[in-house]
Q: 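There's a structure below that I have some questions on.
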4 protein chains.
Amino acid sequence: MKEMSDTATLLVWCPDQRGLVAAISDFVFRNGGNILHADQHTDIEAGMFLARVEWELEGFEIPRERIGERFRNVACNFGMNFELFFSDRPSKLAIFTSKLPHCLQDLLLRREAGELQADFALIVSNHPDHREIAEAHGIEFLHFPITPENKARQEAAELAALRERGIELVVLARYMQILSPAFVAEFPNQMINIHHSFLPAFVGAQPYHQAYQRGVKLIGATSHYVTTVLDDGPIIEQEVTRISHRDTVEDLIRKGRDLEKMVLARAVRLHLRHRVLTYGNKTVIFD
Amino acid sequence: MKEMSDTATLLVWCPDQRGLVAAISDFVFRNGGNILHADQHTDIEAGMFLARVEWELEGFEIPRERIGERFRNVACNFGMNFELFFSDRPSKLAIFTSKLPHCLQDLLLRREAGELQADFALIVSNHPDHREIAEAHGIEFLHFPITPENKARQEAAELAALRERGIELVVLARYMQILSPAFVAEFPNQMINIHHSFLPAFVGAQPYHQAYQRGVKLIGATSHYVTTVLDDGPIIEQEVTRISHRDTVEDLIRKGRDLEKMVLARAVRLHLRHRVLTYGNKTVIFD
Amino acid sequence: MKEMSDTATLLVWCPDQRGLVAAISDFVFRNGGNILHADQHTDIEAGMFLARVEWELEGFEIPRERIGERFRNVACNFGMNFELFFSDRPSKLAIFTSKLPHCLQDLLLRREAGELQADFALIVSNHPDHREIAEAHGIEFLHFPITPENKARQEAAELAALRERGIELVVLARYMQILSPAFVAEFPNQMINIHHSFLPAFVGAQPYHQAYQRGVKLIGATSHYVTTVLDDGPIIEQEVTRISHRDTVEDLIRKGRDLEKMVLARAVRLHLRHRVLTYGNKTVIFD
Amino acid sequence: MKEMSDTATLLVWCPDQRGLVAAISDFVFRNGGNILHADQHTDIEAGMFLARVEWELEGFEIPRERIGERFRNVACNFGMNFELFFSDRPSKLAIFTSKLPHCLQDLLLRREAGELQADFALIVSNHPDHREIAEAHGIEFLHFPITPENKARQEAAELAALRERGIELVVLARYMQILSPAFVAEFPNQMINIHHSFLPAFVGAQPYHQAYQRGVKLIGATSHYVTTVLDDGPIIEQEVTRISHRDTVEDLIRKGRDLEKMVLARAVRLHLRHRVLTYGNKTVIFD
């Protein structure tokens, strides 16, 4: 199989108008780029254009440090918003965790398997339990115990730690603290949570207990960007699995772990590959 | 393949205690019955025992008209509640429908295919549109237009029609009127609705529009027994299907139709085969 | 919601090279078209480029009867193969059927529901059973009984009937005759079959019986373009459903009907919307 | 929630006849047992009766070491075959592994999470790579390099090691050696393999490559008891996931890992909880 070269990826969004696809693809072509993936979505009702274009850097005539600047000229003509990424510049990532290890362990094993191209720079927890896991994977571990009294102070310390390390994506891997709106606002569309229900069903605490009480026949998990409204951010991925009357709450929790792991991992992978664009409270997934 | 003889089915529920399975199976065995299916569920937390036993009538020594009376003696010793059904005595069924034909047509085609063993006695609608479909299938059609003014009177007329025909199961096949609590109370665990969402998400009107607004990645359908609380009755069956940002509300409605048809048909089939037991606000499905 | 205007759709395939997306989108843009959907796939291993572009005809400066000719100039420069379709020129379709009605009825009900934009011109059967269904839907019905002796002659007559009516898509809706290679060759990538198994498992006759014997835990259905090798053509869509040891062969057949209906309908819809491109023995689905 | 006491589980199979359920449940009841789960399946075509009954040992009047002997009297009257298990006597398990770690790691993490009640006594590999994983989990690791020349000798050594440790279940967690018929014959219905395809599709080597070549739209995984015919043993569990033309063979391998992990873990869990009965080449799953 042909070796993949490094690639550049543009995410573009703006009001819909004629010539957008042509302008983007022409920019790539004129400068000697070979498009590997081009995908586009027009939300006719909202009048929005959203696109993702990925091309090989090999043979591209613009040096990578000037691509953004050069594309800005194109973007200005159409009022495009855009982001530019390079496949050999992986995102810096921090994982927040509490006591449940399964999502953390799952992400770390997928990293080992080469599924998640990212710089796993930091693990943050309000409990000391997972320090050993972090160390076994050679990742820095910071313990910030949270109480009602120290919460604001600790969040400030966490934020400082994230900034210092240049963290670009925060993954809440069953982190059981609710982060303050100010903290959340620092990571717009850059903080991914896993909620252990099929949202919007069973918002809030103990969704498996809620599901058990309601007698549903399927349970789910939802990964979403965190916003200041609890469990209400743009949904990236969801999955469900079948349960029956034989399943106790403990069975739901057990079956749910598999959902949580997979749904969170898929969302993180999509984000890391720059395949998610958010508009309004919804996501476009370029897969 | 061996020809199936007619069968008797017992549904039994009571507080859990020692000897229940033995007592039921002994009753069948002592009287010469051959058990085809025996399934049982103990809800340990609730201390409830629920069971379903089906046996061949051929060779059974108690004449069928006396089986209920004879089993009552066993039941009394344990405080069992029970229901008794015979496979050659299909339930009498009425379908309520409005303007959308897909669930109605689907049920009628499944009847033709031999999937639903019931006496399809009546189709009721608040619109005249489906009279032709009813007639093509040789089923009586009654049109009861509903207005805020005539609603109570029309419900009384509907109820009289159902009673007169001895209807034992009412299927709401996308019937768009909310039935009054008094009407609902006439058919406890005998009225099945299809709601076009994954309950408890998107209760009430226009669930596909709600799903579109929320940006979910899966849509669902739920069949449940109707209670006096809207979309809150015991759930019999649920199913979901994947959607994407490319799907408009119209696409959701289209994809949802397939879910609605299948989920309603499965629930009706389970009910007609006496495979559903309700306790609290939940169902046990003996499949 | 904004009214959809009529659209043109280009399907393009050729060896991969620089500038393909730019050339196609530039063609649309320069001539005043607004792209609604643009999707592209590069098979890096095979060095193949495949794309689908759909744009609004309203405001497009080239009259529709000349679009193909004008695009041919672009295509020549790159060695592109292409097909051009207009949304207001639905394909002419014939359904072949035998004794099982469910796929036929399902397609006809979806047509009524507006899910399948096509000219349902003809129903062909080797049995007379479904004449009434055809007539109820106002579709011409031709009965060609097939025996080993008359098969070649009848196929010739069928082919003449299809040609005469300008049929562009043949749908085998559980048609139980194997068509001759010569017949198949007349409809390359224009004849869709539904096979009642998860291909390549259980090729040939009685796949549900085969599945029952093997003790699988899921059964499936597969829609594919027909080639001269039995059940071996490019797969368009597949789906599975769970079964258990409790399911008899009859249960498998019943559960399978739902799969067959959905999988065939999805494939036909994808084809009719020009969302399928075939290369090698595989399909690209632009959904 | 009520604390679960230890339980006894009977698996019973024999030709179908009147009185089987009554005899088993009467045995439990007469001796003071409380049945928690009773499930039964009659294969009418094959004339086979298969059942699983689980009851609380607390208050049961027969000492556990004599339950088998006492039930034998009941079994003899009906020609029943049976097996008896106790929930506080977990099975002894060995995992065979090669170079791919994901199934091994998954099983070990599920053990940590309390999902798999077993005595993980041994990890065997034809490569040294996973010694560290074994040690991190405190499990003995034996390395048996296999060559065509030493294969028979090494298998004999493996078998001796398994016997010495009283291994009752062998789990092939992506073990890449084919075991000899003689070795397989030592573990009838006690050796579980995970095959990375939806069997019977893509038997043998490189099923993901086969799936890619065939252009299927779903890939699967299958866990089954190992028999002397390759990939042909009784199937315990299967699952599939959707793929598209965008997925390379590497993507199939990545997506397949999730399937393999879940399908193998489910099968092992079912076996360890004595929920699987095999007859002919099929399984009955009492879940």
Side-chain angles (χ1 to χ4, degrees), chain B residues 1-4 36-39 52 54 99-117 129 132-133 135-137 174 209 212 239 241-251 253-266 269 273 275 285-287, chain C residues 1-4 36-39 52 54 99-117 129-130 132-133 135-137 209 212 239 241-251 253-266 269 273 275 285-287:
Chain B
M1 187 170 166
K2 188 178 151 188
E3 187 67 28
M4 294 279 286
L36 292 174
H37 303 288
D39 197 358
R52 179 185 187 279
E54 181 173 3
K99 291 204 158 184
L100 293 171
H102 57 283
C103 284
L104 172 65
Q105 285 170 321
D106 184 70
L107 291 170
L108 297 177
L109 289 178
R110 289 180 197 274
R111 173 198 184 215
E112 275 185 18
E115 291 183 27
L116 300 174
Q117 305 291 346
D129 310 44
E132 202 176 328
I133 295 174
E135 285 171 356
H137 287 84
R174 297 300 311 274
H209 291 76
Y212 181 81
E239 192 57 271
T241 199
R242 194 158 281 272
I243 59 168
S244 84
H245 60 271
R246 299 195 189 284
D247 289 307
T248 63
V249 170
E250 285 67 36
D251 292 319
I253 291 170
R254 172 178 54 80
K255 290 186 169 183
R257 279 197 294 264
D258 279 340
L259 290 176
E260 296 163 29
K261 289 187 293 187
M262 277 195 304
V263 169
L264 179 58
R266 284 188 210 152
R269 183 176 154 93
R273 295 168 75 90
R275 295 184 173 275
I285 306 293
F286 296 110
D287 59 352
Chain C
M1 187 171 168
K2 188 178 150 189
E3 187 67 29
M4 294 279 286
L36 292 174
H37 303 289
D39 198 359
R52 179 185 186 277
E54 182 173 2
K99 292 204 158 183
L100 294 170
H102 57 285
C103 284
L104 172 65
Q105 285 170 321
D106 184 70
L107 291 170
L108 297 177
L109 289 178
R110 289 179 197 276
R111 174 199 184 214
E112 275 184 18
E115 292 183 27
L116 300 174
Q117 305 291 346
D129 310 44
H130 299 151
E132 204 176 327
I133 295 174
E135 285 171 356
H137 287 83
H209 290 76
Y212 181 82
E239 191 58 270
T241 199
R242 193 158 282 272
I243 60 169
S244 84
H245 59 272
R246 299 195 188 283
D247 289 307
T248 62
V249 170
E250 286 67 36
D251 292 319
I253 292 170
R254 172 178 53 81
K255 291 186 169 184
R257 279 198 293 263
D258 280 340
L259 289 176
E260 296 163 31
K261 289 187 293 187
M262 277 196 303
V263 169
L264 180 58
R266 283 187 210 153
R269 183 176 154 93
R273 296 168 74 91
R275 294 185 173 276
I285 307 292
F286 295 111
D287 60 351

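Letters go in sequence order (proteins before strands), and every chain restarts at 1. Here the structure is a predicted model, which means the values were calculated and not measured. Just so you know, these numbers use all the heavy atoms, side chains as well, and skip hydrogens, waters and symmetry mates.
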Q: Chain C heavy atoms under 4.5 Å from B:Asp106: which part of the residue, side chain, backbone, both or neither?
A: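 For B:Asp106, the side chain is the part near chain C, not the backbone.
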
Q: Between C:Lys261 and B:Lys261, is any pair of side-chain heavy atoms under 4.5 Å apart?
A: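 The answer is no, as the side chains (C-beta and beyond) never meet within the 4.5 Å cut-off.
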
Q: Give, for atom CD of B:Gln105 and atom CG of C:Leu109, the distance between the pair rounded to the nearest 0.5 Å.
A: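 That separation rounds to 4.5 Å.
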
Q: Can you tell me which portion of C:Asp247 sits under 4.5 Å from chain B's heavy atoms? Options are side chain, backbone, both or neither.
A: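 Contact with chain B involves no heavy atom of C:Asp247 at all.
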
Q: So, applying salt bridge (Lys or Arg N to Asp or Glu O under 4.0 Å) with C:Glu115, which one of B:Arg257, B:Arg254, B:Lys255 is it?
A: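 Exactly one pass, corresponding to B:Arg257.
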
Q: Rounded to the nearest 0.5 Å, what's the gap from NE2 on C:His37 to CZ on B:Arg246? Could you check?
A: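 The distance works out to 7.5 Å.
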
